[in-house]
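Remarks on the structure that follows.
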Amino acid sequence: MSLEKLQEKVGTQKHLLDFWNELNETERDQLSEQVLSMDFSACHAAFVSSAQPPLPIKELRPIPDERHVIKAHLSKDEVENYWNKGLNAIAKGQVAAVVLAGGQASRLGSDQPKGTLPLGLHISPQDSLLGLQAAKIAKLELLAREAYPDCNGKIQWLVMTSKSTDEPTRKHLEKVVPEAGLLLEQVTIFSQDNIPAFDMSGNFLLADKHTITTSPNGNGGLFSAISKYLPGLDKRGVKYVHVYCVDNVLARVADPIFTGIAVEKGADVLTKTVERKPGELVGSVCLNDGVPRIVEYSELGAELESQKAPNGRLLFCAGSIANHLFTLDFLKGFCTPSFHLPYHRALKKISYVDANGVVVKPTAPNGIKLEQFVFDVFDLSKNFYIFEVKNEQEFAPLKNAESAGVDCLSTCRRSLANETRRWLKESGFVLPKGLVTYIKADETYAGEVFLILFPKICKDPKIKPSRWASFEEAYRPTNRDREETALKCLNREKRPNCKNEQ
Ligand code: UTP
């Protein structure tokens with residue numbers, strides 16, 4: 001490609017070719033290829049339109065009570081009913097899980113994708129978040145098979161990466177998937193698109209003399225990227241698609257209760273929320289002019305942000321945790337390779353090559369990245385529900401480096417230890433104060449095996465209570481008998497024919 005042709009293509013962004021004469025042949029090829037692959041006018045239009053808030057705020061109202069399912073308010077029977085419905089859908093192969101793993105983890109500052117980092121827990125394949133999730137998927141499939149022995153449904157696991165996370169994530173999953181006992185054919189890895197980053201005036205930036213700076217187009221890039229896999233999912237009989245973030249150590253991947261609610265209510269979109277507390281900087285799920293959406297803390301405004309409902313909770317109490325369930329039919333209704341959502345602007349520190357060819361690393365935000373958000377499709381829903389769970393039971397994201405002291409590795413580990421403790425306490429264990437325990441990820445999905453198995457064992461008078469003081473000590477002598485007791489308990493839930501269930 002001649003320089004003239006490239007100059008024509010870049011239009012007003014001529015500075016991208018400033019160092020052409022200094023590039024070797026390979027570098028010129030790389031830059032030409034990147035320039036040719038980009039739609040400059042579409043990128044410019046995205047930059048201009050992102051200056052306005054994507055969805056103007058009109059009249060905000062909370063999600064009505066009849067569409068707000070609160071787990072803590074459900075009876076044991078209701079929870080069990082939802083769980084069984086979700087497990088049945090898994091047994092029939094109707095459930096897929098999509099993990100959003102294309103983010104750049106800039107706050108964490110890691111050069112490896114978040115999902116692949118060692119957690120230091122050693123309870124899952126490769127000791128990583130992705131390993132934890134793979135083990136939970138395998139465990140759920142087992143529970144579904146035990147409950148519905150005539151079905152052998154698999155959970156399809158789709159992993160969305162981006163240009164920078166794709167290769168290391170693939171390499172990592174090559175080990176994780178077989179170690180977790182999943183089949184390679186149930187795992188699909190695909191990459192979202194990148195979009196150029198801009199300076200404050202809308203000019204493209206150079207990362208080095210032959211590379212235009214780009215970044216992943218936001219987790220809402222999911223919908224175009226996944227579009228070509230939807231027919232395959234349809235063919236396999238998938239009906240429910242759980243979409244979650246890679247960085248939540250407490251993520252209940254393909255949660256049967258979540259799915260069960262979608263099955264029972266006929267919801268096309270369902271999102272998990274946690275109770276928002278005053279001043280918390282989380283997005284709130286609400287209705288804008290009658291249409292579901294998430295508004296940022298700042299968009300709510302001081303008055304609505306702190307307004308109380310008659311029950312004493314915040315009126316806008318539905319805090320988003322980026323954990324959604326879509327029906328496949330809903331996704332099929334709009335996902336195409338060219339689909340895109342409105343872009344949001346994020347001010348970032350972006351390294352760039354200055355006019356002298358020197359790479360500058362800014363200390364304050366100097367540029368703009370454009371991002372689409374998964375939740376911006378909520379307004380397409382025809383039957384929208386929220387499912388409120390407890391923050392401490394289901395949400396502990398890895399966002400920051402240790403120095404931040406919040407949402408970092410140590411807080412993730414602590415949250416998982418606390419949740420494990422809760423499971424064990426509910427099973428009748430008396431654990432010494434301060435004892436930190438974890439359970440191997442493939443032993444339990446969310447404490448359910450222990451709730452069934454251990455209350456029985458703990459009551460055995462031949463076993464001294466002190467032996468139960470430490471979970472690790474108690475669990476190490478696991479033998480066939482105990483496993484069989486657990487299976488017998490589980491099998492009480494067995495359904496004769498999964499195909500007959502709704
Ligand atoms: P975050 O917004 O927390 O971004 O993503 P991040 O990349 O993990 O971290 P920062 O903001 O750079 O520090 C929430 C989820 O969405 C995914 C992330 O991988 C994470 O699971 N994500 C984000 C994508 O899959 N693609 C994107 O373009 C952005």
Side-chain angles (χ1 to χ4, degrees), residues 46 50 97-117 119 128-130 132-133 157-170 172-173 188-197 213-226 229 241-253 271-272 281-283 294 296-297 319-324 326 339-351 365 367-377 394-404 406-409 411-412:
S50 65
V98 177
V99 54
L100 303 170
Q104 291 183 303
S106 45
R107 283 168 287 174
L108 187 63
S110 150
D111 58 356
Q112 286 300 305
K114 276 184 197 175
T116 67
L117 297 174
L119 297 170
S128 65
L129 282 157
L130 283 166
L132 215 52
Q133 295 155 22
W157 194 27
L158 294 99
V159 183
M160 185 175 83
T161 61
S162 60
K163 208 166 149 195
S164 58
T165 65
D166 192 72
E167 201 189 318
T169 304
R170 278 178 195 274
H172 187 74
L173 287 171
T188 306
I189 306 167
F190 61 99
S191 183
Q192 66 181 106
D193 288 332
N194 267 33
I195 184 162
T213 308
T214 63
S215 59
N217 60 355
N219 56 25
L222 168 71
F223 301 109
S224 51
I226 202 173
Y229 301 99
V241 181
H242 178 214
V243 175
Y244 67 96
C245 297
V246 71
D247 53 16
N248 179 10
V249 77
L250 294 178
R252 296 194 182 183
V253 183
T271 187
K272 271 192 188 178
L281 298 175
V282 294
I294 291 186
E296 300 298 337
Y297 174 81
S320 170
I321 55 169
N323 195 320
H324 320 295
F326 303 108
F339 174 84
H340 76 82
L341 290 161
Y343 284 99
H344 298 250
R345 287 185 171 191
L347 290 184
K348 299 267 180 181
K349 289 183 245 174
I350 308 171
S351 301
I368 291 170
K369 288 186 178 177
L370 298 185
E371 287 186 295
Q372 304 167 69
F373 294 156
V374 161
F375 55 69
D376 276 343
V377 296
E394 302 213 18
F395 188 53
L398 176 59
K399 298 284 183 200
N400 302 316
E402 223 26 60
S403 55
V406 287
D407 296 343
C408 54
L409 187 55
T411 57
C412 285

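When a ligand or atom number is given, it counts from 1 through the structure's own listing order. Here the structure is a predicted model, which is why all the values come from computation and not from measurement.
- Shown here are the ring-ring contact (aromatic ring centres under 6.0 Å, His included) partners of H242, two or more places apart in sequence or in another chain: Y244, F258.
- Looking only at distances, no side-chain donor or acceptor of D407 sits under 3.5 Å from a matching main-chain atom of K399.
- From the protein, the heavy atom lying nearest to atom 26 (N) of ligand 1 is Q192 OE1, 2.7 Å.
- From the protein, the heavy atom lying nearest to atom 15 (C) of ligand 1 is C245 SG, 3.5 Å.
- Close approach to G102 involves these atoms of ligand 1, each under 4.0 Å from a residue heavy atom: 19 (O), 24 (C), 25 (O), 26 (N).
- What sits closest to atom 16 (O) of ligand 1 on the protein, heavy atoms only, is N219 ND2, 3.2 Å.
- Under the side chain to side chain contact (heavy atoms under 4.5 Å, CB included) criterion, D376 pairs with L55, L341, H344, F373, not counting sequence neighbours.
- For the ligand labelled ligand 1, residue A322 lies outside the 4.0 Å heavy-atom shell.
- Among protein heavy atoms, atom 14 (C) of ligand 1 sits closest to K399 NZ, 3.7 Å.
- The single protein non-hydrogen atom nearest to atom 19 (O) of ligand 1 is G103 N, 3.0 Å, given as residue, atom name and distance.
- Protein heavy atom in closest approach to atom 20 (C) of ligand 1: L100 O, 3.7 Å.
- Residue contact annotation: A105 has a non-hydrogen atom under 4.0 Å from ligand 1.
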Report the C-alpha distance between Y229 and V98 in whole Å, list the side-chain angles of each, state the deciding distance to 0.1 Å, and finish with yes or no for side-chain contact (heavy atoms from CB on, under 4.5 Å).
CA-CA 12 Å; Y229 301 99; V98 177; over 6 Å; no
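- With N217 as the partner, the side chain to side chain donor-acceptor pair (under 3.5 Å) test is satisfied by one option alone out of Q192, K369, H340: Q192.
- Among all protein heavy atoms, the one lying closest to atom 7 (O) of ligand 1 is Q104 N, 2.8 Å.
- Using a 4.0 Å cut-off to heavy atoms of K114, the atoms of ligand 1 that qualify are 6 (P), 8 (O), 9 (O).
- Put simply, the side chain of S128 never gets that close to the backbone of L117: no donor and acceptor are under 3.5 Å apart.
- Under the 4.0 angstrom criterion for non-hydrogen atoms, S162 is not in contact with ligand 1.
- N194 contributes no side-chain N or O that, together with a main-chain N or O of S162, makes up a donor-acceptor pair within less than 3.5 Å.
- The ligand atoms of ligand 1 that sit less than 4.0 angstrom from a heavy atom of S106 are 10 (P), 12 (O), 13 (O).
- Close contacts of ligand 1 with M160, meaning ligand atoms under 4.0 Å from a residue heavy atom, involve 25 (O).
- Nearest heavy-atom pair, H324 versus V374, reported as atom, atom and distance to 0.1 Å: CD2-CG1, 3.4 Å.
- Between the T165 side chain and the A101 main chain, a donor and an acceptor come within less than 3.5 Å of each other.
- Atom 4 (O) of ligand 1 has its closest protein heavy atom at R107 NH2, 4.0 Å.
- Between atom CG of residue N248 and atom CG of residue L100 there is a gap of 11.5 Å, rounded to the nearest 0.5 Å.
- Looking at L108 next to ligand 1, no N or O pair under 3.5 Å apart turns up.
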